[in-house]
Peer 1: 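Here it is: the structure, laid out below.
Within every chain, numbering begins at 1; the chains are lettered A, B, ... in the order of the sequence lines, protein sequences first and strands thereafter.
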Number of protein chains: 2
Amino acid sequence: MWSLLGDMIRPDEDLDKASYRILKERTGLDDVFLEQVHTFGNVKRHPGGRVITTAYYSLININDHQLNFPDNELHWHPVSEITEMAFDHKDILEICLNQLRNKVEEHPVVFNLLPKKFSLRELQSLYESILETKLDRRNFRKKFFLTEWLVDINELEQDVPHRPGKLYKFNHAKFPHKSHGIS
Amino acid sequence: MWSLLGDMIRPDEDLDKASYRILKERTGLDDVFLEQVHTFGNVKRHPGGRVITTAYYSLININDHQLNFPDNELHWHPVSEITEMAFDHKDILEICLNQLRNKVEEHPVVFNLLPKKFSLRELQSLYESILETKLDRRNFRKKFFLTEWLVDINELEQDVPHRPGKLYKFNHAKFPHKSHGIS
DNA sequence: TCAAAAGTGTTCGCTATACACCCATGT
DNA sequence: ACATGGGTGTATAGCGAACACTTTTGA
């Protein structure tokens, strides 16, 4: 059974820093959005002994980042195909997914998953994947333009087998702080 | 400077159980609503050495429960009067308060703070205290009756120096599970 | 009779939703 | 020409916010 990526925090290390370090050590991924979710502390959750785990989720564009560490048995899996996991990791996954779904409704975190330039189609597909739902295209566009999260960069998609869509970028000016995780 | 109540988890103790135990040991309070909020793990957050703290908040009716342990220096304080706290406890307080405020908007947790029978006035005052805002009485009542969280028990307030209000109780039938914390 | 809070409806603006047709491009 | 998705507007329903007068009780 699969389990989630994790490791021990060091005695002289901030908890948030530890999550970044572990993600980087195990996957090579760096400079990504990472958010704490919940701490799991049942005595019997790990058969090998007492382990308290603070769970974080990260948003990573699977197309941009190859996992260059095949030896450590890391793989991408669609969450919809995960049925069982080791330990209590299925619970952890569910809670993280819920938090992500709540988060994307109000905060512009999904742009961590998109290239610098993207079409509204890509953005909508991403929301539909995360929320596991179908959205109305006209309403989706209307809503997004109201948020002012997007900047029209006056470019069109290339090499698409249909009418090309406009490309947008994330409106950094609207979010001068970094809480959304987009650098 | 004041600090929040806390203690060490035991090696053989669930994290949630530890929060209950510590609350009970220090205050005598039992069978209350307690919810995990966030885990604070900066290395330098405690001058005496590395401490990782998982914060919980609880809802306790201050009128029902006396703090019977004056020796351990526990006191109730209005959060509005808290300006400084020891360590990073002000941060913890703020984050807990935010989570509580979000929670009460959607979940019937405030009934933990009310007696079995209560008036709409009491309920509204409680919301106004938690949210630090004034609410319109007609809209408040309308909204609450739509939630169906309340059951009219056909009693009136006693000994009030004005027209007595109807009394209500929490609608347990609507929430058969215990996630709201009300026993 | 006065003070204090209880009880009660309507209007308005905003938001979410449902829905259909023409357009631009590549094959 | 055809297939594919891009781009666009309107109508409706539901929700939240604003708002004032009469009623009941105790003092």
Peer 1: Would you call B:Phe33 and B:His180 a side-chain contact if the rule is heavy atoms closer than 4.5 Å?
Peer 2: no

Peer 1: Report each atom pair, protein N/O against N/O of nucleotides 2-6 of chain C, whose distance is under 3.5 angstrom.
Peer 2:
{"unit_1": "C:dA6", "atom_1": "N7", "unit_2": "B:Arg137", "atom_2": "NH2", "d": "3.1"}
{"unit_1": "C:dA6", "atom_1": "N3", "unit_2": "B:Arg163", "atom_2": "NH1", "d": "3.3"}

Peer 1: Answer yes if the ring centres of B:Trp2 and B:His75 are under 6.0 angstrom apart, and no otherwise.
Peer 2: yes

Peer 1: Roughly how many Å is it from CG in A:Asn154 to P in D:dG6, rounded to a whole number?
Peer 2: 18 Å

Peer 1: If you go through the side-chain atoms of B:Lys142, does one of them form a donor-acceptor pair with the base of C:dT10 closer than 3.5 Å?
Peer 2: yes

Peer 1: Taking the ring centre of each residue, are B:Tyr168 and B:Phe144 less than 6.0 Å apart?
Peer 2: no

Peer 1: Does any N or O donor sit under 3.5 Å from an N or O acceptor when you compare the side chain of A:Arg138 with the base of C:dA20?
Peer 2: yes

Peer 1: Could you tell me if the ring centre of B:Phe118 sits under 6.0 Å from that of B:Phe111?
Peer 2: yes

Peer 1: Once you round it to whole Å, what is the distance between P of D:dG7 and CG of A:Asn139?
Peer 2: 16 Å

Peer 1: Are the side chain of A:Asn112 and the backbone of A:Val109 linked by a donor-acceptor contact shorter than 3.5 Å?
Peer 2: yes

Peer 1: So B:Phe175 and B:Phe170, ring-ring contact (aromatic ring centres under 6.0 Å, His included) or not? Walk me through it.
Peer 2: CA-CA 9 Å; B:Phe175 299 91; B:Phe170 176 63; 5.4 Å; yes

Peer 1: In whole Å, I'd like the distance from the CG atom of B:Leu156 to the C1' atom of C:dG7.
Peer 2: 12 Å

Peer 1: Using the closest heavy atom to pick a nucleotide of DNA chain C for each, name whichever of A:Asp159 or A:Asp136 lands nearer the 5' end.
Peer 2: A:Asp136

Peer 1: To the nearest Å, how far apart are A:Glu155 CD and D:dG6 C1'?
Peer 2: 17 Å

